[in-house]
Amino acid sequence: MSAAEPVDLTVADLHPALGDPALTSMNFLNEVSERYPAAVSLAAGRPYEEFFDLAAVHRHLDTFHRHLVDDLGHRPEQARRLLLQYGRTKGIVHHLIARNLAVDEGITVDPEDVVVTVGCQEAMFLVLRALRAGPADVLLAVAPTYVGLTGAARLVDLPVWPVAGGSAGVDLTDLAAQVQRARAAGLRPRACYLMPDFANPSGLSIDTAHRQRLLDLAVHEDLLLLEDNPYGLFHSDDGPRPPTLKALDTGRRVVYLGSFAKTVLPGARVGYVVADQRVAGPGGRVGPLADQLAMIKSMVTVNTSPIAQAVIGGRLLEHGCSLVAANTRERSAYTRNLRHLVAGLARRFPALPDQPDRPAVRWTVPAGGFFVVVTVPFPVDDALLDRSGRDYGVLWTPMAHFYDDTAPVRALRLSVSAVTPEQIDVGLDRLAALITDEVTRRAG
Ligand SMILES: Cc1ncc(COP(=O)(O)O)c(C=O)c1O
C-alpha cells in the first residue's frame, strides 16, 4: 500500500494482538515461501503432498455415510441431513475419536467429553478463551513454543509465561518456580501448555518417568496441563512410544488437544479437544468442560464442517479407528527423512561441538516428528532467512519465531515433512554454504 492511499482505520485502533509478532509470524513465513518458490523448503511443517489422494476423500465420505446408516441405524434422509445440514456443536465423529484414542493411545474417554474443532488451532483458542476469566490469569508454556498457541493467547488477552524446556522437554523446577512467581505477583497460572512428543519446534520428547513427575506436580500445584500431540505417531523404531499424559492422567488434569492435519489431511481442517474436567454451573449442575467449550464454539464456528468430519471419520473407519495403522507409510517416510537429515548434518558439519577452531554447529537428534533444531554461531533472523531464500535457494525457520521476546536466537528449525531425501541433500548443501559464508563474513 502506498503512503498516499486513503486510510479508514489504523491497526492501533484494533485489537492489540493485531500487528503483534505472534500473529504476523505465520504470514511472514508463508510470504517468504511464496517469494522464493524455487527454493528447497526445509521450513514447511506440512505433511508430504504426494500422499494426498483425492479419490480417497470421496471414498471416506461414502464410508462414513454407510456407517451412519448401517452401524448407527440412521435413515438415509437423516444421514443426508447429518452430513449436509448445520449440526451438533460438539461434532459428529466424537465416538470415532474416542475409539481412536482407546485403540492407539489407551486413553478411555467419554465421547461427550470430546469437541470436534476446526483444526487443533480452534481447540487451542476455545480452551484459552475459556480459561481466561480475568486479568490475573496467565498461561505457562514450555519455551520455545508453537507460535499458533502464542497467537491464540494474544487474541484472548492471556499472557504467556515461558517455562524452561531443558533437555527433558520440561524443566519441572522451573515450572514450579514460575507457578510460585506468578502467584506471588497476585496472578493465577491457569495451565501449562506443552507438546510431550516431538515438540514443535524443539523436536524434544518427555520420557515416561518425567511425564509422571509432571502430572504429580500439576496435582500438587493445582494446575491444568494442555497436551498438544500432533506428531506423536511419527516415532522411530528405537523403542516403544511413551504413553501420552492423558493416558497417565487419573485426576482429570490434562486437556488433550488433537489434530488430524498430519495424520489424515490438513485441508479437512479437523481437530478436537478432550476436556473431561467437571465444571460446576449455575444451580449446581455439573458437566464437562467440553460443554463450556462447545458454548464458545457455537459463537465462533457454529460447528465443524460435517463434510470434513465425515472424511476424517471414513478414514478412521477404514483402519479400525487406528491412525497408527493408517499412517504406516507416512511414519516410515518421515522417520527415514529424519534419519537422512541428521546423517546429512553430521556429514556436512563434522566439527566436534565447541571445537575452538571450527564453527560450533550443533543439532538435536529427535526420536521422531518433523523437526530438528540447528544451533549456529551467529544470530538467525528474518533478514538472513530472506537472503537464504534469495541467494542460496533454501528455506528454514528462524527459531526466534518460537520465543515470545525479541532476544537474538542462534538457531534455526529444519523440517523433514514436505521434502524427499534428494531435496534434503540439496537443501543441506545450500544451508552448509550459507552457514560457512556467514561464519567467514562475520570473522572478516
Ligand atoms: C504443535 C502444533 N499444534 C497445533 C497445530 C495446528 O494444527 P491444526 O492444523 O490441526 O490446526 C500445529 C500445526 O502445525 C502444531 O505444530
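Counting starts at 1 for both ligands and their atoms, following the listed order. Everything quoted here is computed from the prediction, not taken from an experiment.
Defined by atom type and a distance below 3.5 Å, a donor-acceptor pair is present between the side-chain atoms of Gln178 and Arg181. Side-chain polar atoms of Glu105 and Thr244 form no donor-acceptor pair below 3.5 angstrom. No hydrogens or angles considered: nothing links the side chains of Ser205 and Asp197 as a donor-acceptor pair under 3.5 Å.
Closest to atom 9 (O) of ligand 1, if we only count protein heavy atoms, is Arg269 NH1, 2.8 Å. Given atom 8 (P) of ligand 1, the protein heavy atom at minimum distance is Cys120 N, 3.4 Å. The closest protein non-hydrogen atom to atom 6 (C) of ligand 1 is Tyr146 OH, 3.6 Å. For atom 14 (O) of ligand 1, the nearest non-hydrogen atom of the protein is Lys262 NZ, 3.0 Å. The shortest contact between atom 3 (N) of ligand 1 and any protein heavy atom is with Asp228 OD2, 2.6 Å.
Distances below 4.0 Å separate heavy atoms of Ala261 from the following atoms of ligand 1: 9 (O), 10 (O). Which parts of ligand 1 touch Gly119 is read off a 4.0 Å heavy-atom cut-off, strictly below it: atoms 10 (O), 11 (O). Within ligand 1, the atoms closer than 4.0 Å to a non-hydrogen atom of Ser259 are 7 (O), 8 (P), 10 (O), numbered from 1 in the order shown. Less than 4.0 angstrom separates some heavy atom of Gln121 from each of these atoms of ligand 1: 11 (O).
Contacts with ligand 1 closer than 4.0 Å are made by side-chain heavy atoms of Pro230 only, the backbone lying farther away. Contact annotation for Met195 and ligand 1: only side-chain heavy atoms (C-beta onward) come within less than 4.0 Å of the ligand.
Under a 4.0 angstrom heavy-atom cut-off, Tyr231 registers as being in contact with ligand 1. Not a single heavy atom of Gly271 sits under 4.0 Å from any atom of ligand 1.
The aromatic rings of Tyr48 and Phe51 stand perpendicular to each other, their planes meeting at an angle above 60°, with 30° marking the opposite boundary.
Between Arg88 and Glu112, at least one side-chain N (NZ, or NE/NH1/NH2) sits under 4.0 Å from a carboxylate O, which counts as a salt bridge. Between Asp216 and Arg213, none of the side-chain N atoms (NZ, or NE/NH1/NH2) sits under 4.0 Å from a carboxylate O, so this pair counts as no salt bridge.
With hydrogens and angles ignored, the 3.5 Å screen pairs no side-chain donor or acceptor of Glu227 with any backbone N or O of Pro196.
Pairs passing the ring-ring contact (aromatic ring centres under 6.0 Å, His included) check and including a residue from residues 207-241, sequence neighbours excluded, read Tyr231-Phe370, Tyr231-Phe371, Phe234-Tyr334, Phe234-Phe370.
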Mind listing the side-chain donor-acceptor pairs of residues 133-145 below 3.5 Å, one per line with the distance, residues two or more places apart or on another chain?
{"residue": "Asp137", "atom": "OD1", "partner": "Arg188", "partner atom": "NE", "Å": "2.7"}
{"residue": "Asp137", "atom": "OD1", "partner": "Arg188", "partner atom": "NH2", "Å": "3.2"}
{"residue": "Asp137", "atom": "OD2", "partner": "Ala133", "partner atom": "N", "Å": "2.7"}
{"residue": "Asp137", "atom": "OD2", "partner": "Gly134", "partner atom": "N", "Å": "2.9"}
{"residue": "Asp137", "atom": "OD2", "partner": "Arg188", "partner atom": "NH2", "Å": "3.4"}

